[in-house]
Amino acid sequence: MSFETLPGFRAFYPENAAKRAAIFGLWRAAASSFNFLEYDAPVLESLELYIEKSGEEIVGQLFHFEDRGGRTVALRPEMTPSLARLVGAKANSLKRPIKWFNIGEHYRYERPQKGRLRAFYQFNADILGESSAAADAELMTLLVHALKGFGLDATDFKLRLSDRDLWLFLLQAEGLDSTISLAVLSIIDKLERTQREKTIEELTSVMGESAVAFMAKVETLVAIRDFPALEKYFSRLALEKPLAELIEARLAEWRFLLKALENSGVSEFVEIDFGIVRGLAYYTGFVFEAFEASGEGRALAGGGRYDDLVGKLGSQSMPAVGFAMGDVTLGDLLEKKGLLAVAESSPDFILIIGGEAERAQALSDASALRAAGYSVEYPLKELAFGKQFKEANQRGARFAIVYGSDELEKGVLKVRDLTAGEETDYPRENLIELAKSLYGKVSK
RNA sequence: GUGGCUGUAGCUCAGUUGGUUAGAGCACCGGAUUGUGAUUCCGGGGGUCGCGGGUUCGAGUCCCGUUAGCCACCCCA
């Protein structure tokens, strides 16, 4: 019988665990510098929670089972429902705006492929209780800041910004009701990956003969990359009064958002792109996705405003905006750019032990050094001196301290600088002072 | 759920028209070397050739099935 890691899951040998820790560390650092607070929620939740948010179709893509108490439960496929549940339960006592983040593993029962596994980590950041676009701007700034933290710049990734409100206004102008609108948005979401004729065919099936003319409007909108062009686009539609006013109010929101992004210094990362509508229907305003600048690969991160979800999953409604960034696509990109070089950890000191008689002193010194904050290693079995030095060198230790019969008799600490290849005898008594002075001289 | 490609040691791979006991490099462990690091030399462990079936005197090699991985589609919260 042999056992392997399950499909879509990963085992983290030390090298990869170190990379994962590096990613988590930078996520956490970014969140902290924006003063987001870390929270966590159970990995296992009621299956109903996800059905409530996403519909019955979601069940086929979850790891789910019935527990021994007869509860139907699922491993979390995403963080947002748990967050909404937590916030909803204490909505009245939480100081707003609520700025929270989480780093956690998520599970989806899907076919693994490039950039997509069955178990993956996500960095989730959300601002709840603030409906102004200032929150959207702050969150998008955090997203850019987090990616920059990895050494990525504007030539590496872009934030593609879109707006479901404007989309819905446009669809209203076409006279489509909300059900048809959602179907149309779902078709538009696939625009990039679908042949033009196929798209027209699908549009025709939901909205009839007007599809061809509508397609032209869509293509114009989707090609827009700057705000003046966007304003011009909507003014040229020459719409009737109530809708025109709604659109003008929305464009004012846009101006506010873009100004805030500019002031935060992240404009160069942001691109208007109405090709982004995000799959599921619960987004209610600005939506955005971070992509590799080359356009390759899956989204590095995605998010947007979801003002109705908290109310749907709890008793209180609350405006909210958030994003999630996965470790898989990000890791692929960092690997490709050579930004995931993690140095193998090496000890500050390696103790060279002559024999069992000298081991007692070595162990005692190791404890003292460790208590003082140094990382210390020594061989667990008796080895020839030559072997031990070879080992010390391979482990990348900076200093070796020699515990032989001679040194103990003379009462000296013999320290070998493994980089310089020099040995020096120091008086025995000041072990910690010695360590400090050695590492004061060489940069640790 | 659909399709394409690929499975030989921990890793990268070789393996002839089907032919005897399946190989190399790297990595790992030990020795040469009982007080000083590279290199070198010697030795060792590690394989049900993904799995099952078929054809054949004989299969890592050919055929069928299956499974896993990768990639694309579907989906993408």
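Note on naming: letters A, B, ... go to the chains in the order of the sequence lines (proteins, then strands), and numbering restarts at 1 for each one.
Distance from the side chain of A:Lys190 is smallest for B:C75 among the nucleotides B:A72, B:A77, B:C75. The side chain of A:Pro112 has B:C70 as its nearest neighbour among B:A77, B:C70, B:C75.
The C1' atoms of B:G52 and B:G45 are separated by 30 Å, rounded to the nearest whole Å. B:C74 sits 31 Å from B:C13 when the P atoms are compared, rounded to a whole Å. Separating the P atom of B:U17 from that of B:G54 is a span of 27 Å, rounded to the nearest Å. For B:A22 and B:G47, the P atoms lie 13 Å apart once the distance is rounded to whole Å. For the P atom pair drawn from B:C11 and B:A27, the interatomic distance equals 15 Å after rounding to whole Å. Across the P atoms, B:A9 and B:G15 are found 15 Å apart, a figure rounded to whole Å. Comparing B:G30 with B:G46, their C1' atoms sit 15 Å apart, to the nearest whole Å. Taking atom P in both B:C41 and B:A59, the straight-line distance is 39 Å, to the nearest Å.
The base-pairing partner of B:G46, taking Watson-Crick or G-U wobble contacts with both distances under 3.5 Å, does not exist among the strands shown. Under the Watson-Crick and G-U wobble criteria, each requiring two contacts below 3.5 Å, nucleotide B:U56 is left unpaired. Base-pair partner of B:G35: not found among the strands shown (Watson-Crick or G-U wobble, both distances under 3.5 Å). Across all strands shown, B:C13 forms a Watson-Crick or G-U wobble pair, both distances under 3.5 Å, with B:G23. Judged by Watson-Crick or G-U wobble contacts below 3.5 Å, the nucleotide B:G1 has B:C73 as its partner. The partner of B:G7 is B:U67, by the rule that a Watson-Crick or G-U pair needs both atom distances under 3.5 Å.
Using a 4.0 Å cut-off between a side-chain N of Lys or Arg and a carboxylate O of Asp or Glu, A:Lys414 and A:Glu407 qualify as a salt bridge. With respect to A:Arg164 and A:Asp307, no salt bridge is recorded, no charged nitrogen being found less than 4.0 Å from a carboxylate O. We find that A:Lys190 and A:Glu202 are not joined by a salt bridge, their nearest charged nitrogen and carboxylate oxygen being 4.0 Å or further apart.
A:Gln61 comes within contact range of at least one nucleobase, with a heavy-atom separation under 4.0 Å. Within 4.0 Å of A:Pro81, counting heavy atoms only, lies no atom of the nucleic acid at all. A:Lys198 comes within contact range of no nucleotide atom at all, as no heavy-atom separation falls under 4.0 Å.
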Identify each atom pair where a protein N or O and an N or O of nucleotides 36-42 of chain B are less than 3.5 Å apart, giving names and distance.
| unit_1 | atom_1 | unit_2 | atom_2 | d |
| --- | --- | --- | --- | --- |
| B:U36 | O2 | A:Arg416 | NE | 3.2 |
| B:U36 | O2 | A:Arg416 | NH1 | 3.3 |
| B:U36 | O2 | A:Glu423 | OE2 | 3.4 |
| B:U36 | N3 | A:Glu423 | OE2 | 2.3 |
| B:U36 | O4 | A:Glu423 | OE1 | 3.2 |
| B:U36 | O4 | A:Glu423 | OE2 | 3.0 |
| B:G37 | N7 | A:Arg416 | NE | 3.4 |
| B:G37 | N7 | A:Arg416 | NH2 | 2.8 |
| B:G37 | O6 | A:Arg416 | NE | 2.9 |
| B:G37 | O6 | A:Arg416 | NH2 | 2.9 |
| B:G37 | N1 | A:Leu418 | O | 2.5 |
| B:G37 | N2 | A:Asn393 | OD1 | 2.0 |
| B:G37 | N2 | A:Leu418 | O | 2.9 |
| B:G37 | N3 | A:Asn393 | OD1 | 3.2 |

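Rounded to whole Å, the distance from CD1 on A:Ile352 to P on B:G35 is 13 Å. B:C75 atom P lies 18 Å from atom CZ of A:Arg118, rounded to whole Å. Regarding A:Glu110, its CD atom lies at a distance of 10 Å from the C1' atom of B:C74, rounded to whole Å. Rounded to an integer number of Å, the gap from CD of A:Glu382 to C1' of B:U33 is 16 Å. Atom C1' of nucleotide B:C76 and atom OH of A:Tyr50 are separated by 16 Å, given to the nearest angstrom. Distance CG (A:Leu380) to P (B:C29): 13 Å, rounded to an integer number of Å. For the pair A:Leu383 CG and B:G35 C1', the interatomic distance rounds to 14 Å; values are reported in whole Å. Remark: C1' of B:A68 and CZ of A:Arg111 are 11 Å apart, rounded to the nearest angstrom.
Between A:Trp27 and A:Phe24, the ring-plane angle classifies as parallel under the 30° and 60° cut-offs. Taking the six-membered ring where tryptophan is involved, the planes of A:Phe63 and A:Tyr109 are perpendicular, since the angle between them exceeds 60° and thus also 30°.
For the 3.5 Å distance criterion, the side chains of A:Ser294 and A:Glu292 qualify, holding a donor opposite an acceptor.
The nearest heavy atom of RNA chain B to A:Pro77 and to A:Pro7 marks one nucleotide each, and the one closer to the 5' end goes with A:Pro7.
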Discussion item. Set out, in order, the CA-CA distance, both residues' side-chain angles and the distance that settles side-chain contact (heavy atoms from CB on, under 4.5 Å) for A:Leu168 and A:Leu185, then state yes or no.
Written reply: CA-CA 9 Å; A:Leu168 290 174; A:Leu185 282 183; 4.0 Å; yes

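For B:C71, the base has no donor-acceptor partner in the side chain of A:Arg116 [N/O atoms by modelled type, under 3.5 angstrom].
Checked options A:Glu52, A:Glu48, A:Glu45; the residue passing with A:Arg85 is A:Glu45 (criterion: salt bridge (charged side-chain N to carboxylate O under 4.0 Å, His left out)).
Side chain of A:Arg76 to backbone of A:Leu44: no donor-acceptor contact under 3.5 angstrom is found.
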